[in-house]
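Read through the structure below, which is laid out as C-alpha cells, and then see the notes.
So you know, we letter chains A, B, ... as the sequences are listed, proteins then strands, and number each from 1. Hydrogens, waters and symmetry mates play no part in the numbers below; they use all other heavy atoms, side chains included.
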Number of protein chains: 2
Amino acid sequence: MRLVVARCTVDYRGRLDAHLPEAVRLIMVKADGCVAIHADGGAYKPLNWMNAPNTLVDHGDHWTVVNPKGETLTITLLEVLTETAHELGDDPGLQKDGVEAHLQALLAASPQAIEDGLTLVRREYPTAIGPIDLVCRDAAGQVVAIEVKRRGDIDGVEQLARYIERLHLDSSLGAVRGVFVAQVVKPQARVLAEARGFRVVEVDYDDLRGMRPDELRLF
Amino acid sequence: MRLVVARCTVDYRGRLDAHLPEAVRLIMVKADGCVAIHADGGAYKPLNWMNAPNTLVDHGDHWTVVNPKGETLTITLLEVLTETAHELGDDPGLQKDGVEAHLQALLAASPQAIEDGLTLVRREYPTAIGPIDLVCRDAAGQVVAIEVKRRGDIDGVEQLARYIERLHLDSSLGAVRGVFVAQVVKPQARVLAEARGFRVVEVDYDDLRGMRPDELRLF
DNA sequence: GACTCTATCTCGGTA
DNA sequence: TACCGAGGTAGAGTC
C-alpha cells in the first residue's frame, strides 16, 4: 500500500464528470491497484476513486488512471508532502453475524413468530426471477410468500409483488398471499404493502435469537 | 489525519457483529474523528469503520471507539509498525456534473424536448409514496407523469407505474399517462414500459445543456 | 459474463 | 431529526 499526502487537483471523467479543486489530500494506492483520494473527514467514502483493475501511469506532475471501460481519473500533484509504502499482506477477511441471512434463518426456524399456525414449505424458494425468502402454508393451508428484510423499504415490497405475480402463474399452488417481514418497516413501504394486500410484520432480532422453536410451540 | 499501520484484530458490535482476525492493516483516523480500517485491496471500502461523531479512547494496547448509538469498535494493537499524522485542512469538496438532478432540471426548463406541446405543472410532485419527478400537461390538456433517470432500468419503470397508480386514485386529474425519460433505456426496461403503456424517450444530456428554452419554442 | 440482491451501504435533500 | 431517493453505488452470490 502506497500512501501519498499531497496538494493536488483531481478530475474524473466516466459515468459522470467530477472535479476536485486544489487542496491537501491523502492518496491511497492499494496492492490490487485501486486508488482512493481522501479528505480529512466525511466518513469512509473517498472523495474520488478508481477501482481495480486499472492502469496507473505516473507522468511526474500528474497521474492518469484508466479502467477497462475507458473511465479516467487524473490526479495533478502540485506538491507532494509525504510518500510512504507498506507491505500489508493478505487479509483473512471480515466475519459477520446478524445480517439478513441470519434473520431469514431464524424466521425459517420459527415461522410462528410471523403468524400463528404458519409452517415452512421452503427457504429460498426458486422462481425464474430469483428466490423467494420463505414460502410457508398458513393454518388454512393457503400458500404464503414471505419477503424478509432488515429494513423494510419500498423496494422490498416491489420484490414481494414480483414474486407473488410469478407464483400466480403456477396454478398448482392455488391462491397465494404475501407477508412483508422486517425489523423496521418504513411508512411508505407500509402504505404500498397494504395497497398491494400484503400483511406487514415487524420482528425483533434479539427476541428471535432468544426463542427456541419448541418454546414457540407452547403457544 | 492519523495513519497507523499495525498488526491488529478488530471487533465491531452494533447493527451487526463483525470480527477481523489478526493481520497487518492501515488504521485511518480523520480530523472529524471517523475511523477506518483498510486492508491492501478490496476497493475503497474499509473492512471495518466507525463514522463521526464518536469517542475514541486509547488504552495503549487497544482502542475503543463508541458512537452515540452505543455501537462499539474495538481495535486491539498487537504491533504498531508505523504511525504518522498529517494536517490536511478543509476540503473544498467535490463538484459533480451530469447527475440525475441536473437532467431533471434541464427537462423541467425544456419539457418540449420530451414531447411537443408539453408544459410543466410541477417538479417533484408530491404523493404518499414519494415525489414524481415531473408532472406536465400535454397539448390536449391531459396530465402526464414523467420519470427521469440517467440510466433507464426496470426499477424506474416500476417507480413510474406506482406513481400513475397513485394518481389514478385522485379522480380530479382525469386520465393520466406516463412517459419514461432517460439518457439510455435498457432493453428490458423499454419492453416493460411499453407493456405498461408508457412512452419511452431517450434524451442527450449535452444536447439539453446546449438548448435554450426560447430556441426550442422556435419549432 | 450477466443478473440479482444486500449493505454497519453513504450521501444529500427535505419536511 | 427522521425519512426518502440516488449512487461512478460496491460487493457477493448465483446461473
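- Summarising the base pairing, D:dG8 is matched to no nucleotide, lacking a Watson-Crick or G-U wobble pair whose two defining distances lie under 3.5 Å.
- Note: A:Tyr44 and B:Trp49 have perpendicular aromatic rings, judged against thresholds of 30 and 60 degrees for the angle between ring planes.
- Contact annotation for B:Gly130: backbone-only contact, meaning every heavy-atom pair under 4.0 Å involves sugar-phosphate atoms and none involves a base.
- Distance A:Asp153 CG to C:dC5 C1': 13 Å, rounded to the nearest Å.
- The side chain of B:Arg123 contributes no N or O atom lying less than 4.0 Å from OP1 or OP2 of C:dT14.
- Considering only side-chain atoms of A:Pro187, the nucleotide from D:dC4, C:dT6, D:dG7 that sits closest is D:dC4.
- For CZ of A:Arg190, the number of neighbouring non-hydrogen atoms (other residues, nucleotides, ligands) closer than 6.0 Å is greater than 12.
- Around atom CD of A:Glu83, more than 12 heavy atoms belonging to other residues, nucleotides or ligands sit under 6.0 Å away.
- Distance OH (B:Tyr12) to P (C:dA7): 12 Å, rounded to an integer number of Å.
- Look at CG on B:Leu94: it is 18 Å from P on C:dT10, rounded to the nearest Å.
- Side-chain N/O atoms of A:Lys186 include one lying less than 4.0 angstrom from OP1 or OP2 on D:dC3.
- Using a 4.0 Å heavy-atom distance criterion, A:Arg162 is classed as a sugar-phosphate-only contact.
- You'll find that the side chain of A:Glu71 is closest to D:dG8, out of C:dT10, D:dG11, D:dG8.
- Backbone-only engagement by A:Ile129 is indicated by non-hydrogen atom pairs under 4.0 Å involving sugar-phosphate atoms exclusively.
- Not one side-chain nitrogen or oxygen of B:Arg151 sits closer than 4.0 Å to the OP1 or OP2 atom of D:dG8.
- Of the candidate nucleotides C:dC9, D:dG8, C:dA7, D:dG8 has the atom nearest to the side chain of A:Asn48.
- Side-chain contact between A:Glu158 and B:Gln159 is absent, with no heavy-atom pair separated by less than 4.5 Å.
- Within the 4.0 angstrom heavy-atom criterion, no nucleotide atom of any strand lies near B:Lys69.
- Annotation: of the two residues near DNA chain C, A:Gln159 and A:Lys96, the 5′-most nearest-nucleotide partner is A:Gln159.
- Comparing D:dA10, C:dT10, D:dC3 by their closest approach to the side chain of A:Trp49 singles out D:dA10.
- Comparing D:dG8 with D:dC4, their P atoms sit 22 Å apart, to the nearest whole Å.
- For OH of A:Tyr125, the number of neighbouring non-hydrogen atoms (other residues, nucleotides, ligands) closer than 6.0 Å is 12 at most.
- When the C1' atom of D:dA10 is taken as reference, atom CG of B:Leu47 falls 14 Å away, rounded to whole Å.
- At whole-Å resolution of the value, OH in A:Tyr125 and P in C:dT4 are 19 Å apart.
- Spacing between atom CG of B:Asp155 and atom C1' of C:dC5 amounts to 11 Å, rounded to whole angstrom units.
- Between A:Arg190 and D:dC4, a side-chain N or O to OP1/OP2 separation shorter than 4.0 Å is absent.
- As judged by a 4.0 angstrom heavy-atom cut-off over every strand, A:Tyr205 is placed among residues making no nucleic acid contact.
- Rounded to an integer number of Å, the gap from CD1 of B:Ile132 to P of D:dA6 is 13 Å.
- The shortest distance between the side-chain N/O atoms of A:Arg150 and the OP1/OP2 oxygens of C:dC9 is below 4.0 Å.
- For A:Lys149, a side-chain nitrogen or oxygen approaches OP1 or OP2 of C:dT6 to under 4.0 Å.
- Ranking C:dT6, D:dA10, D:dG7 by closeness to the A:Glu147 side chain, first place goes to C:dT6.
- Checking the phosphate oxygens (OP1, OP2) of C:dC9, no side-chain nitrogen or oxygen of B:Tyr44 falls inside 4.0 Å.
- By the 4.5 Å heavy-atom criterion applied to side chains, A:Ile114 and A:Leu134 are counted as neighbours.
- If you check every strand for non-hydrogen atoms under 4.0 Å, A:Met50 touches a base.
- Position along DNA chain D of the nearest nucleotide to B:Lys45 versus A:Gly14 favours A:Gly14 as the more 5'-ward residue.
- Judged by distance alone, with hydrogens and angles left aside, the side-chain atoms of A:Asp207 form no donor-acceptor pair with the main-chain N or O of A:Asp204 at under 3.5 Å.
- For B:Asn51 and C:dT10, the shortest distance from a side-chain N or O to OP1 or OP2 is below 4.0 Å.
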